[in-house]
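Note that the structure is a prediction, hence the values are computed from the model and not measured. Residue numbers start from 1 in every chain, and the chains themselves are labelled A, B, ... in the order their sequence lines are given, proteins ahead of strands.
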Amino acid sequence: MIRRRTPALIAILLFATLSGQLYFSGSSNLRYGESKTGQLYSESILNGNALLGNFNSWFQLEFSNPPELGRTVNGLQKFRLEYNTANSVFKFGDIYEIWGRGLVLNQYEDQLVDFDNSLTGISIRNQWNESLDWSIISGYRERHRLFGADANYTLKSLSVGISYLQSREQHLFEKFVPSTGYVLDSLMVTHRVKDLRTEYFADWYDIYVEYADKRTYDFNTDSIRSFYNGGGQGFYSNLNIYIGAWALSMDYKKYSFNISEPDPFSVADNYSGIFSFQRPPTVIREHTSRLLNRITHQVNFDDEVGYQIELSGPVLSDIMVLANYSKTSRNDVWNKIEVPNDTTNIYFHWEWQSVESTGLLPLTETYSVPFEELYLEVEGFSFNDRLHYRIGAARTIEVIDIFDHRITDTTRNIMYEEAGAITFPTALDWNINKRWNFEVKYEYQEFKKYKRIINTQTGIDTKESLFATPVQYNAFLSLGVSHSPGWSCALLIDASSRLEFGTTPQLDNINTLEKIVSNFIDLENRWIALELRWNITNSHTLTLTYGSQQGGILCSNGVCREIEAFEDGFKFTLTSLF
Amino acid sequence: MRKAALFFILFLCTINAQDQGAKMVPDLRLELLNGKKITLQSLLEKGPVLIDFWATWCEPCKKEMVYLDKFHRTYVDSGFTVLSINQDTPRSMSKVKAYIRSKRFSFLVAKDPNKQVAQKLNVQVLPTTFLVLPDRKIIWQHVGYLPGDEKDIEEQILKALK
């Protein structure tokens with residue numbers, strides 16, 4: 001596809017440039033990093049937009065060898081041509097669309113976690129009249145061939161939307177052949193999602209409700225393996241109430257696209273759940289704190305029920321308060337039950353069985369895999385707006401995995417992994433004069449992660465920490481100074497008392513900054529870095545980082561990636577807008 | 001590799017062939033937080049527009065917005081408008097209106113949940129600010145925000161209003 005696109009793009013650009021009618025703009029992001037542990041990346045991404053009358057083309061070139069995340073790409077990565085009329089937009093190329101809040105379709109690119117679910121094809125959007133607009137998309141991505149239509153009707157403050165999305169997928173799976181072992185096979189699967197939504201705006205409140213129904217059909221009846229042709233539903237709603245400058249925001253979700261047992265391996269070949277074009281709201285708070293982001297709940301879009309309530313407003317003219325509470329759990333309560341063998345009728349093995357549905361609200365009990373978080377924040381300005389402060393506190397509790405849950409009339413046998421944390425993120429900005437600013441960020445966290453085993457038959461009741469000590473103490477300190485509009489400099493200190501069993505310990509190499517800091521503070525596991533940012537012009541920024549950065553889970557938009565630690569090295573980033 | 005080199009040459013030639021003042025913004029179609037649909041052109045008919053890309057998780061953006069609101073209130077009678085384009089995805093979109101209301105911001109806020117508007121203006125980092133004249137030409141742009149940058153922003157607004 002790239003080979004076919006390249007000459008077309010060159011021809012369009014040349015023609016437009018020569019004709020003198022082309023308005024061109026672009027941006028580039030050049031990144032390079034190298035560490036003593038052998039990590040190396042080199043990435044150049046160029047985005048360009050050409051405007052010619054009613055035509056607008058966008059393209060993205062990438063030259064990476066290797067990239068920081070994902071696969072190596074050299075050449076034209078994305079291309080789209082748009083034609084705009086007074087009431088319509090026609091798009092051809094790489095399409096990104098969002099319908100409703102993403103229960104049916106939500107396409108975006110997130111380079112932070114190397115996620116992209118765009119579609120190569122066409123899209124047409126039309127504003128039929130003041131009230132009605134509609135759109136259609138058609139195209140393909142990897143093994144999916146998609147077609148979908150969406151319509152919205154707006155009458156004053158009320159709007160109603162309806163969508164339909166279909167994908168024919170060549171689904172890959174591994175099948176076991178006795179003579180050769182596991183081999184790769186495929187079958188044709190059709191996904192169909194229907195969606196209905198409504199939104200109403202009033203002066204003191206607004207409400208949004210969306211419902212999606214997904215069905216999956218397997219047409220390959222000759223397959224050796226038999227698959228479950230399933231389906232499920234997703235429901236999301238949001239209510240905001242405004243009283244003066246105060247706002248109460250409530251979100252609710254019930255995603256039951258594919259209700260499954262707690263064992264995560266059992267869904268590996270199950271295609272009847274959510275597919276990559278659906279990205280519904282997570283209904284948990286999105287944090288800016290570095291330590292809180294590391295323990296973000298990994299949302300199960302297939303099987304989760306939950307809500308989030310947030311109250312925010314001013315208590316005095318310069319002080320804002322915010323309180324957020326979110327809670328989720330799986331849809332069903334699971335128990336392992338002894339199942340008799342079909343032929344012998346002798347009790348033979350244990351199997352997960354849903355014994356109860358949680359209903360509309362999430363549960364707190366361990367066997368529903370709950371997550372709960374309370375976050376409080378005070379933010380404000382003081383000293384004639386020269387001091388800005390933000391003080392937060394969060395309490396997080398989560399059951400991460402359930403390995404065993406067997407309850408009979410006489411015995412209880414439970415094994416699960418749980419995590420809990422208390423986090424205090426704080427930030428302070430002091431505006432020294434019109435151009436100079438000093439910033440301190442300090443975050444502190446007490447984190448517990450343990451495996452709990454209860455067996456009433458043997459009398460075992462243990463709580464085994466996954467760290468060498470019962471509690472892991474984490475801290476992050478950032479000391480920064482900036483001079484507008486030229487430059488900023490920040491020293492970043494990330495420390496942890498004990499690492500989790502099984503994770504790679506920090507290597508012996510200590511960078512120069514860590515040597516200097518160790519004269520003042522004794523830290524066992526620390527990642528220290530110095531970041532310099534120079535605004536060369538209003539549109540060109542150079543960032544240089546020297547030192548080490550801790551790895552771990554990085555989550556964005558419900559997509560999580562394991563990021564490797566960066567030990568004793570340099571990072572260089574040049575961002576330009578032209 | 002040849003293809004890559006050709007692209008870069010073409011790219012640089014095209015950029016060098018025009019001055020900064022020739023950069024144009026397409027007529028953006030936007031949906032505001034209250035569901036109303038507007039076009040950039042309809043705002044430009046009144047005077048210059050400062051377009052600001054931001055998100056609720058972006059701390060520098062929030063600091064900058066305090067000043068943008070002041071500028072909007074001060075110069076709105078002269079035809080100037082601040083148009084902030086929110087980049088929150090559906091996961092945090094429900095908090096945007098609550099945030100704006102609790103801060104009592106008076107400028108216009110549009111939604112761009114899958115960054116399609118940002119892509120048209122080549123936005124890579126937040127905040128990014130553009131000052132656009134009624135003929136849709138960008139006269140000033142700024143990437144990032146450091147405390148103190150608001151002085152430069154106001155200077156540019158005053159230049160645009162002259």
Just list the side-chain donor-acceptor pairs under 3.5 Å for residues 77-84 of chain B, sequence neighbours left out, or say none.
| residue | atom | partner | partner atom | Å |
| --- | --- | --- | --- | --- |
| B/Ser84 | OG | B/Trp54 | NE1 | 3.2 |
| B/Ser84 | OG | B/Leu108 | O | 3.2 |

Quick check on [X] against chain A: is it the side chain, the backbone, both or neither that has a heavy atom closer than 4.5 Å?
X: B/Glu59; answer: side chain
X: B/Arg101; answer: both
X: B/Lys63; answer: side chain
X: B/Phe105; answer: neither
X: B/Thr128; answer: side chain
X: B/Asp27; answer: neither

Taking [options] one by one, which has the highest count of heavy-atom pairs under 4.5 Å against chain B?
options: A/Lys434, A/Glu199, A/Arg285; value: A/Lys434
options: A/Thr154, A/Asn535, A/Asp206, A/Asn431; value: A/Asp206
options: A/Asn433, A/Ile45, A/Asn238; value: A/Asn238
options: A/Thr541, A/Asp251, A/Val283; value: A/Asp251
options: A/Pro314, A/Ser312, A/Pro281, A/Ala427; value: A/Pro281
options: A/Arg533, A/Arg390, A/His388; value: A/Arg390

Quick check on [X] against chain B: is it the side chain, the backbone, both or neither that has a heavy atom closer than 4.5 Å?
X: A/Asn54; answer: neither
X: A/Asp133; answer: side chain
X: A/His483; answer: backbone
X: A/Asn324; answer: side chain
X: A/Pro485; answer: both
X: A/Glu130; answer: neither
X: A/Ser159; answer: neither
X: A/Gln60; answer: neither
X: A/Asn29; answer: both
X: A/Glu62; answer: neither

Checklist entry - Cut-off 3.5 Å, side chains only: do A/Glu439 and A/Ser488 have a donor facing an acceptor? => result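 No - no donor-acceptor pair under 3.5 Å links their side chains.
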Checklist entry - Between A/Asn117 and A/Gln107, is any side-chain donor less than 3.5 angstrom from a side-chain acceptor? => result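 No pair is found: no donor N or O on one side chain lies under 3.5 Å from an acceptor on the other.
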Next on the checklist: If we define contacts as heavy-atom pairs under 4.5 Å, which of B/Lys36, B/Lys37, B/Lys95 has the most with chain A?
Outcome noted: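 Ranked by heavy-atom pairs under 4.5 Å with chain A, first place is B/Lys95.
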Item to check | Winner by heavy-atom pair count (cut-off under 4.5 Å) against chain A, out of B/Gln124, B/His142, B/Glu150 | outcome: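 Max contact count across the listed options: B/Gln124.
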Parallel, tilted or perpendicular, as decided by the 30° and 60° cut-offs, for the rings of [Y] and [X]:
X: A/Trp58; Y: A/Tyr96; result: perpendicular
X: A/Phe24; Y: A/Phe59; result: tilted
X: A/Trp487; Y: A/Trp436; result: perpendicular

Item to check | NZ or CZ of A/Arg101 within 45° of A/Tyr208 ring axis and under 6.0 Å | outcome: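 Judged by the rule, A/Arg101 and A/Tyr208 form a cation-pi pair.
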Item to check | Ring-face cation contact, B/Tyr99 with B/Lys62, 6.0 Å cut, 45° max | outcome: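 That pair qualifies as a cation-pi contact.
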Checklist entry - CG of A/Leu61 to CG of A/Leu76: how many Å apart, nearest 0.5 Å? => result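 That separation rounds to 5.5 Å.
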Checklist entry - Which atoms form the tightest heavy-atom contact between A/Asn49 and B/Leu121, and what is the distance? => result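 Result for this residue pair: ND2-N, 4.3 Å.
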Checklist entry - B/Asp149 and A/Ser484: side-chain hydrogen bond (donor to acceptor under 3.5 Å, both in side chains), yes or no, with the steps? => result CA-CA 6 Å; B/Asp149 284 355; A/Ser484 163; 2.4 Å; yes
Checklist entry - Are A/Glu379 and B/Lys103 ion-paired here, with the side-chain N under 4.0 Å from a carboxylate O? => result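 Yes, this pair counts.
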Next on the checklist: Under a 4.0 Å threshold between the charged nitrogen and the carboxylate oxygen, would B/Arg104 count as salt-bridged to B/Asp69?
Outcome noted: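 Looking at B/Asp69 and B/Arg104, the cut-off is not met.
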Extract all donor-acceptor atom pairs below 3.5 Å that involve side chains of residues 151-162 of chain B and protein atoms in other chains or at least two apart in sequence.
| residue | atom | partner | partner atom | Å |
| --- | --- | --- | --- | --- |
| B/Asp152 | OD1 | A/Arg435 | NH2 | 3.1 |
| B/Asp152 | OD2 | A/Arg435 | NH1 | 3.4 |
| B/Glu154 | OE2 | B/Tyr75 | OH | 2.6 |

